[in-house]
Every structure is written in C-alpha cells, then in structure tokens.
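Order of the sequence lines fixes the chain letters, A, B, ..., with proteins taken first and strands second; residue numbering starts at 1 for each chain.
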Protein chains: 2
Amino acid sequence: MTKANNVIMNEEEIIHKIRKFNRSYVRSIGLLEKKLLNSDYSLTESQILYLVNDQKKTTATEINKILKLDEGYLSRIIKKLISKSLLTKEQSFSDKRIFEIRLTEKGLKEQQKLDTLSSDSIRSIIAHLNKSDQSELANLFNRIMTLLYKK
Amino acid sequence: MTKANNVIMNEEEIIHKIRKFNRSYVRSIGLLEKKLLNSDYSLTESQILYLVNDQKKTTATEINKILKLDEGYLSRIIKKLISKSLLTKEQSFSDKRIFEIRLTEKGLKEQQKLDTLSSDSIRSIIAHLNKSDQSELANLFNRIMTLLYKK
DNA sequence: GTATATTACTTGACTAAAGCAAATATAATT
DNA sequence: AATTATATTTGCTTTAGTCAAGTAATATAC
C-alpha cells in the first residue's frame with residue numbers, strides 16, 4: 001500500500017490543505033450530481049433509492065440514521081416514491097410501528113439507471129488520466145477512507 | 001512525495017472506490033457544514049463571503065463562474081448581504097454594467113468567524129489521528145488535487 | 001453612426017426543498 | 001394500568017432555487 005512520508009506538518013497547514021480539497025472537490029462533485037440527476041429525481045431521492053437498494057429491506061428510521069433528514073420530509077419523499085411505484089411500504093408484523101421499505105422492479109431499474117449516470121460522471125472526471133494515475137487516485141481515496149473512518 | 005504503487009485496477013473498481021469515498025466523505029462534510037453554519041448564514045451565503053474575501057474585489061459574474069447559481073438568486077443573496085452590511089457594491093467606472101463587490105469590515109469579521117468554524121469542524125474529523133497520520137492525510141488530499149485538477 | 005446582439009445585473013412570479021410542531025399508533029417501561 | 005419512548009404522518013411555514021422578462025450599458029455588424 002501507499003507509504004506515508006513522514007514530514008510532520010503543523011495543524012494549520014493540514015487543515016488548510018483539507019479545506020482546499022473540500023472546496024474544489026465537494027463543489028465539483030456537487031455540480032456533477034446536479035447536472036446528471038437532471039431532472040427526474042432530486043439528489044435526496046436518489047440517495048434514498050441508493051440506500052434502499054443497498055440494504056434491500058429498510059425503514060425510514062434506518063435511512064435517516066444515514067441521511068439525517070427531517071422526519072416529516074423523509075416521510076413525504078417516501079410517499080412520493082411509492083406513488084411513482086418505485087418503492088413499496090409494508091407494515092412489519094412483529095412491530096406495527098415499523099414499515100418495511102423495498103424497491104419495486106421499476107425502482108430497481110431506476111436506481112440502476114441513476115447508478116450508471118453516477119459512474120459515468122466519475123468516469124468523466126478521471127478520463128484525462130492514464131490508467132496508472134487512475135489507479136493511484138483510487139488508492140489515495142481508499143487510504144483516506146481508512147484513515148478517516150476505519151477505527 | 002507519496003509514491004504510487006503500480007497495481008493497475010480496472011476502471012469499474014476505480015470508479016467504485018471513488019464513489020464509495022464520495023458517499024462517505026461528501027455526506028460527512030455536508031453534515032458538518034450544515035451543523036456549523038447553524039444558523040446565521042446559508043452554505044451559499046458563506047461560500048459567497050469566502051469568495052469575496054478570497055478575491056478582495058469581485059463581481060456577481062465572477063462569483064457565478066465558480067458557484068454556478070441562478071443569476072437572479074445570486075443577485076438577491078448579494079442584496080441581502082449588502083442589507084446586512086456585510087458587502088458593498090459599487091458601479092465600475094470603466095464599465096457601468098459591472099458592479100464591484102467587496103467585504104465591509106463587518107463582513108470580513110463574519111467571514112473570519114465562519115472560517116474559524118469551518119477549520120474547527122475539520123479539526124474535529126481528524127482529531128482521532130496522530131500527527132503523522134494527519135500529515136499523511138493532508139498529503140493524500142493534496143496529491144488528489146494534483147491529479148484531478150492540475151494539468 | 002445607428003441597428004442588433006451581447007453582457008451584467010435585477011425583478012416578479014413561481015416551484016421545490018426543507019424545517020417545525022403537533023398528532024397518531026404501537027411498543028416498552030415503571 | 002399509566003407513562004414514556006419509538007416510528008411515522010400531517011398541516012403549516014420558511015428557505016432555497018428556478019424561469020422568464022426587463023433594464024441598462026457595451027460591443028459588434030452593417
């Protein structure tokens with residue numbers, strides 16, 4: 001794996017570099033997402049479809065542990081996606097407060113379509129790099145994930 | 001600098017890793033921003049203040065080359081920030097279509113406050129890492145910037 | 001040099017996104 | 001059995017963002 005060089009930076013410099021990255025990267029990803037979701041689904045809707053697909057069976061509360069939306073707002077979005085026949089909602093037998101949410105066939109197709117669009121948009125931002133640089137990039141992202149989130 | 005290892009991945013895997021990063025990282029940064037801007041300024045407003053400070057003197061058009069907002073919306077936000085005495089707007093002498101935008105003293109103070117909050121929020125996500133890992137992290141972000149944007 | 005097009009910005013009217021608080025239903029706790 | 005907590009929904013409001021038309025100044029084309 002990528003080996004760290006051991007030049008210790010001061011905290012200010014570290015934070016500055018991260019923030020600089022955030023400004024460029026988060027902005028460019030944001031613009032890409034906006035463009036590519038144009039215009040069938042909102043970003044939030046597509047995130048919900050992604051999560052439901054990822055978890056196969058889920059609930060509003062589960063989704064909201066990740067997305068942290070307003071509960072009423074989430075409830076309405078789910079309702080909307082059900083009305084478009086992308087999701088189903090079924091009351092749990094063992095706990096009737098809970099409603100299990102799943103993708104329909106149509107929902108799965110739509111989510112796969114969104115997935116492809118999202119992959120395409122990433123492809124476009126790495127297209128100018130050769131294979132070796134692209135692989136390095138993936139390793140860099142991966143290493144950041146490890147540092148930030150695996151503990 | 002960080003040395004690439006030369007294992008070439010296939011494109012699918014590369015894109016998968018980048019998207020995985022995006023989901024975690026962009027989401028966590030988004031949540032942080034939301035929390036910390038609570039609640040004096042919107043994210044867009046604070047971005048505008050950041051840009052005006054960065055560029056010292058700018059225009060709506062310049063800002064929008066970066067933020068790509070609706071022009072009418074931007075116009076209104078600027079108006080709002082002027083009404084809060086954070087910005088000034090002055091018609092250019094050489095081209096009277098153009099209005100030069102600057103931070104006021106108060107605007108500068110507010111932007112510095114936001115800047116501090118933003119730095120604090122980054123500090124909080126790297127706090128669990130030792131100095132060496134923090135430096136590595138900054139280098140990783142920096143290297144990504146180079147790969148993606150410098151060409 | 002005047003008509004036409006373009007640029008920079010603004011305004012009005014609107015839709016979409018998101019937040020807040022109260023309400024309903026069920027389950028868990030005391 | 002009464003109280004508290006969880007999961008979701010609804011009504012109402014605010015904030016964010018879009019669209020199209022409009023004004024003013026400048027640049028370009030004939």
Side-chain angles (χ1 to χ4, degrees), chain A residues 26-27 30-49 51-52 55 57-84 86-102, chain B residues 26-27 30-49 51-52 55 57-84 86-102:
Chain A
V26 176
R27 183 182 296 145
L31 290 177
L32 272 181
E33 281 174 342
K34 219 178 197 175
K35 205 171 293 175
L36 278 173
L37 293 173
N38 240 354
S39 54
D40 289 341
Y41 306 103
S42 74
L43 177 54
T44 303
E45 285 166 351
S46 84
Q47 289 181 126
I48 290 168
L49 292 174
L51 287 174
V52 179
Q55 307 178 7
K57 183 187 84 178
T58 190
T59 67
T61 301
E62 282 305 308
I63 290 171
N64 232 8
K65 279 180 189 156
I66 295 167
L67 297 186
K68 310 243 167 68
L69 306 168
D70 175 81
E71 289 170 357
Y73 181 43
L74 176 56
S75 173
R76 269 181 260 260
I77 294 178
I78 289 170
K79 197 165 148 192
K80 181 178 166 195
L81 293 174
I82 290 169
S83 81
K84 287 187 167 186
L86 303 177
L87 296 180
T88 57
K89 195 178 74 175
E90 193 183 358
Q91 192 166 34
S92 165
F93 185 71
S94 57
D95 182 345
K96 288 183 176 161
R97 291 170 304 182
I98 290 175
F99 291 83
E100 294 166 350
I101 293 165
R102 290 181 179 75
Chain B
V26 176
R27 183 182 297 145
L31 290 176
L32 273 180
E33 280 174 344
K34 219 179 199 174
K35 206 170 292 177
L36 277 172
L37 293 173
N38 241 353
S39 54
D40 290 341
Y41 306 103
S42 74
L43 177 55
T44 305
E45 284 166 353
S46 84
Q47 289 180 127
I48 290 168
L49 292 174
L51 288 173
V52 178
Q55 305 178 7
K57 184 187 82 176
T58 188
T59 66
T61 301
E62 282 304 309
I63 290 171
N64 233 7
K65 279 180 190 157
I66 295 167
L67 296 186
K68 311 241 165 67
L69 307 168
D70 176 80
E71 289 172 359
Y73 181 43
L74 176 56
S75 174
R76 269 181 260 260
I77 294 177
I78 289 170
K79 197 165 150 191
K80 181 178 165 193
L81 293 173
I82 291 169
S83 80
K84 288 187 167 188
L86 304 177
L87 297 180
T88 58
K89 196 178 73 175
E90 194 183 358
Q91 192 166 36
S92 164
F93 185 72
S94 56
D95 182 343
K96 289 182 177 163
R97 291 171 304 182
I98 290 175
F99 291 82
E100 293 165 350
I101 293 165
R102 290 181 180 76

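Rounded to the nearest 0.5 angstrom, B:Thr58 OG1 and B:Ile101 CD1 are separated by 6.5 Å. How far CD of A:Glu71 is from OG1 of A:Thr61: 6.5 Å, rounded to the nearest 0.5 Å.
We find that CG of A:Leu74 is positioned 16 Å from C1' of C:dC20, with the value rounded to whole Å. As rounded to whole Å, 17 Å separates atom P of D:dG11 from atom CD of A:Glu71. Atom pair A:Lys80:NZ and D:dT9:P shows a separation of 16 Å (rounding to whole Å applied). In this structure, A:Tyr41 places its OH atom 15 Å from P of C:dA16, rounding to the nearest Å. Rounded to whole Å, the distance from CG on A:Leu69 to P on C:dA17 is 12 Å. Atom CD in B:Glu62 sits about 14 Å away from atom P in C:dT7, given to the nearest Å. Rounded to an integer number of Å, the gap from A:Asp70 CG to D:dG11 C1' is 13 Å. We find that CZ of B:Phe99 is positioned 10 Å from P of C:dT11, with the value rounded to whole Å.
Just one of A:Thr59, A:Leu81, A:Leu87, A:Ile78 meets the side chain to side chain contact (heavy atoms under 4.5 Å, CB included) condition when paired with A:Val52; it is A:Leu87.
Not one side-chain nitrogen or oxygen of B:Lys34 sits closer than 4.0 Å to the OP1 or OP2 atom of D:dA16. Remark: B:Ser75 is not in phosphate contact with C:dT11, judged by side-chain N or O atoms under 4.0 Å from OP1 or OP2. Between D:dA7 and A:Thr59, no contact under 4.0 Å exists linking OP1 or OP2 to a side-chain N or O. Residue A:Lys79 has a polar side-chain atom (N or O) positioned under 4.0 Å from OP1 or OP2 of D:dT10.
In this structure, B:Asp95 reaches the sugar-phosphate backbone alone: every heavy-atom distance under 4.0 Å involves primed, P, OP1 or OP2 atoms, never a base. When heavy atoms are screened at a 4.0 angstrom cut-off, B:Lys68 is found touching no nucleic acid atom at all.
A distance-only check finds a donor-acceptor pair linking the side chain of B:Glu45 to the backbone of B:Ser42 [under 3.5 Å].
Comparing A:Glu45 and B:Thr61 by the nucleotide of DNA chain C that holds the closest heavy atom to each, the one mapping nearer the 5' end is B:Thr61. Residues B:Gly72 and B:Ile98 both approach DNA chain C. Their nearest nucleotides, taken by heavy-atom distance, put B:Ile98 toward the 5′ side.
Nearest to the side chain of A:Ala60, among D:dT9, D:dT8, D:dA16, sits D:dT8. Side-chain proximity of B:Arg97 to C:dT6, C:dT26, C:dC9: nearest is C:dT6. Closest approach to the B:Tyr73 side chain among C:dG19, D:dA16, C:dA8 is made by D:dA16 (side chain taken as heavy atoms from C-beta onward).
Residue A:Glu100 qualifies as enclosed at atom CD: its count of foreign heavy atoms under 6.0 Å is above 12.
B:Arg76 contributes no side-chain N or O that forms a donor-acceptor pair with the base of D:dG17 under 3.5 Å.
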